[in-house]
Amino acid sequence: MPQEGPSVASGTPGQQRGFEWIACEICGSSRHHLVAARTDLFLGGNTLFAMHECEECHVIYQFPRPTPEKMADYYPPYYQQYTKGLVEEKWLTRLSRCYGLRKRAKIITKQVQTGTVLDVGCATGDFLSIMKTFPRWRVYGIEPTHTALTYARQRIGLSVVEGVLNVAPFAENSFDAITMWDVLEHVYDPLDVLKDVARLLKPGGVFVVNHPNIKSIDRKLFGNMWLGYELPRHLYLFPSDLLRDLMAELGLQEVERQCLYGSHAATFSSVMFLIENRFKDPKVQALARKLLFSVVARLLVLPYFKVIDYLKLGSNITAVFVKPPDTKSVQENS
Ligand SMILES: [Zn+2]
């Protein structure tokens, strides 16, 4: 592990406690360069966090990064992912989110028509609540955040395991579909997680992962303010081709790649970061938010995002992988 100092100012030595300096955990190289640095735009504070690009495999990773213990501070109970489930949204928001969630479900049923689905990092269970409405699907979730999974269990009635994938009590070849919606970039050990996905998926099963698109127009337009960096909660950003190659090594073939959902919300969030950075008056910020996220604004920009998504240049990208039906199990291979 390299012992060089932080390449961005991170305050006094006391403030640096709770951070770790790592080499690229995808390829092992310690050669990298800075691509973004900013404070936590969601929670505030003065600590500067940084993203570096590995010069060997080109994955982008946070360096230095908070230790897992320290990272808990950056996921407070009011962090937006855990505050509100689908059932509590206003009707128009709920309608819009249901539309997006059904699109996610359909990308699965295009490959596999029935079976068991595991949503890794299922949060409050919105996706599984929609997946459950599709005929002949049994749904399971796994989620490390207690408040979110309690919500999913009690409000939605879902079967959710508490924890992370590598300690979950699932047998090899358990699932016909595994999904990771905006989760891979948050984990400390993405390679191990992907290995677990390959192990838990049945032959013929489908794996769908949505993650920040480092080729997006938003990344070029907004630079440090791009939502995809989401520092310090995002640890790894994968080039789509690297992810394809890593999954191929694990025996899964990429069959589809598209900008499936969330492009306009991501772009508007990045615009809000810019506005909040420029205008400190809360009234101006509130007005900007109201205008940007209004139905009229969304409709006006619809054609732009249709084109962006078609060109696969949206802020997020969804990749679909299948495990070939003739894949032998680990035991059979050994
Ligand atoms: Zn690397």
**Prompt:** Would you find a donor on one side and an acceptor on the other, under 3.5 Å apart, between the side chain of Thr116 and the backbone of Ser174?
**Reply:** yes
**Prompt:** Where is the tightest heavy-atom contact between Ala37 and Leu48, given as atom of each residue plus distance?
**Reply:** C-CD1, 4.2 Å
**Main-chain N/O of Phe19 paired with Lys70 side-chain donor or acceptor, under 3.5 Å** = no
**Request:** List in chain and number order the residues that pass side chain to side chain donor-acceptor pair (under 3.5 Å) with Gln285, two or more places apart in sequence or in another chain; answer none if no residue qualifies.
**Result:** none
**Request:** Test Ser263 against every option in Asn213, Asp309, Asn316 by the side-chain hydrogen bond (donor to acceptor under 3.5 Å, both in side chains) rule and name the one that passes.
**Result:** Asp309
**Asked** Same cluster or not: are Val284 and Leu41 linked, directly or through other Ile, Leu, Val, Met, Phe, Trp or Tyr residues, by side-chain heavy atoms under 4.5 angstrom apart?
**Response** yes
**Request:** Grab the two heavy atoms, one from Ala198 and one from Lys323, that are nearest each other, plus how far apart they are.
**Result:** O-NZ, 2.7 Å
**Request:** For the pair Ser270 (side chain) and Leu227 (backbone), establish whether a donor and an acceptor sit closer than 3.5 Å, ignoring hydrogens and angles.
**Result:** yes
**Asked** Just wondering, are more than 12 heavy atoms of other shown residues or ligands nearer than 6.0 Å to OH in Tyr304?
**Response** yes
**Message:** What verdict does the side chain to side chain contact (heavy atoms under 4.5 Å, CB included) test give for Trp226 and Ser315, after you've listed the backbone C-alpha separation in whole Å, the side-chain angles of each residue and the deciding distance to 0.1 Å?
**Reply:** CA-CA 9 Å; Trp226 177 44; Ser315 190; 2.9 Å; yes
**Asked** Between Leu201 and Asn173, what is the shortest heavy-atom contact and its length?
**Response** O-OD1, 3.2 Å
**Prompt:** Checking Lys312 side chain against Ile317 main chain: does a donor-acceptor pair fall under 3.5 Å?
**Reply:** no
**Asked** Does any non-hydrogen side-chain atom of Val59 lie less than 4.5 Å from one of Cys24?
**Response** yes
**Prompt:** Is the number of heavy atoms from other residues, nucleotides or ligands within 6.0 Å of NZ (Lys215) greater than 12?
**Reply:** no
**Request:** Could you please spell out the steps behind the side chain to side chain contact (heavy atoms under 4.5 Å, CB included) verdict for Leu165 and Ile178?
**Result:** CA-CA 11 Å; Leu165 200 55; Ile178 298 178; 5.6 Å; no
**Asked** Where is the tightest heavy-atom contact between Asn224 and Ala36, given as atom of each residue plus distance?
**Response** OD1-CA, 3.2 Å
**Prompt:** Would Tyr310 end up clustered with Val307 when hydrophobic side chains under 4.5 Å apart are linked, directly or stepwise?
**Reply:** yes
**Item:** Sole residue of Tyr188, Tyr61, Tyr236 in side-chain hydrogen bond (donor to acceptor under 3.5 Å, both in side chains) with Glu25
**Value:** Tyr236
**Message:** Quick one, Ile60 and Arg219 - any side-chain contact, counting heavy atoms below 4.5 Å?
**Reply:** yes
**Item:** Within-4.5 Å side-chain heavy-atom neighbours: Phe268 and Val301
**Value:** yes
**Prompt:** If Ile, Leu, Val, Met, Phe, Trp and Tyr residues are connected whenever their side-chain heavy atoms lie under 4.5 Å apart, and connections chain through other members, are Met272 and Phe279 in the same group?
**Reply:** yes
**Request:** Determine whether Leu302 and Tyr99 fall in the same hydrophobic cluster, where Ile, Leu, Val, Met, Phe, Trp and Tyr are linked whenever their side-chain heavy atoms lie under 4.5 Å apart.
**Result:** no
**Fill in**
dist Thr114:OG1 -> Phe134:CZ (nearest 0.5 Å) comes out at 12.5 Å
**Request:** Evaluate the side-chain proximity of Glu55 to Ser29: yes if any heavy-atom separation is below 4.5 Å, no if none is.
**Result:** no
**Request:** Kindly give the heavy-atom pair with the smallest separation between Cys98 and Ile130, and that separation in Å.
**Result:** SG-CD1, 3.9 Å
**Item:** Inter-residue atom distance Asp119.CG - Trp181.CH2, 0.5 Å rounding
**Value:** 8.0 Å
**Request:** Please check if the distance between the ring centroids of His52 and His33 is under 6.0 Å.
**Result:** no
**Message:** I need the Leu235 CG to Glu230 CD distance, nearest 0.5 Å.
**Reply:** 10.5 Å
**Item:** Pair Phe273 + Phe222: ring centers closer than 6.0 Å
**Value:** no
**Message:** As a quick check of understanding, evaluate side chain to side chain contact (heavy atoms under 4.5 Å, CB included) for Met51 and Leu237, giving each step before the final call.
**Reply:** CA-CA 9 Å; Met51 282 290 193; Leu237 305 179; 4.3 Å; yes
**Prompt:** So, do Arg199 and Asp196 sit near enough that their side-chain heavy atoms are less than 4.5 Å apart?
**Reply:** yes
**Message:** Within the 4.5 Å heavy-atom criterion, are Ile156 and Thr124 side-chain neighbours or not?
**Reply:** no
**Prompt:** More than 12 foreign heavy atoms under 6.0 Å from NZ of Lys280: is that the case here?
**Reply:** yes
**Asked** Is Phe49 close to Pro66 at the side-chain level, that is, under 4.5 Å between some pair of heavy atoms?
**Response** yes
**Prompt:** To the nearest 0.5 Å, what is the distance between OG1 (Thr109) and CD (Gln111)?
**Reply:** 9.5 Å
**Item:** Considering all heavy atoms, the nearest Pro190-Leu184 contact
**Value:** CB-CD1, 3.9 Å
**Complete:** So CZ of Arg298 and CZ of Phe305: to nearest 0.5 Å the spacing works out to 10.0 Å
**Item:** Cluster overlap Val271 with Leu300, hydrophobic side-chain contacts below 4.5 Å
**Value:** no
**Prompt:** So, do Phe63 and His32 have ring centers that fall under 6.0 Å from each other?
**Reply:** yes
**Request:** Would you mind reporting whether Leu246 and Ile26 have side-chain heavy atoms less than 4.5 Å apart?
**Result:** yes
**Asked** Can a salt bridge be assigned to the pair Arg153 and Glu143 using a cut-off of 4.0 Å between side-chain N and carboxylate O?
**Response** no
**Message:** Set out, in order, the CA-CA distance, both residues' side-chain angles and the distance that settles side chain to side chain contact (heavy atoms under 4.5 Å, CB included) for Met71 and Tyr74, then state yes or no.
**Reply:** CA-CA 5 Å; Met71 188 63 94; Tyr74 300 112; 3.9 Å; yes
**Prompt:** So which pairs with a foot in residues 34-45 pass side-chain hydrogen bond (donor to acceptor under 3.5 Å, both in side chains), sequence neighbours left out?
**Reply:** Asp40-Arg233
**Prompt:** Okay, side chain of Trp137, backbone of Gln113: is any donor-acceptor separation there less than 3.5 Å?
**Reply:** yes
**Item:** Sequence-distant partners of Glu254, salt bridge (charged side-chain N to carboxylate O under 4.0 Å, His left out), two or more places apart
**Value:** Arg257
**Asked** If you measure only the distance, is there a donor-acceptor pair under 3.5 Å linking the side chains of His234 and Gln62?
**Response** no
**Item:** Nearest-0.5 Å distance, CD1 of residue Ile22 to OG1 of residue Thr67
**Value:** 12.0 Å
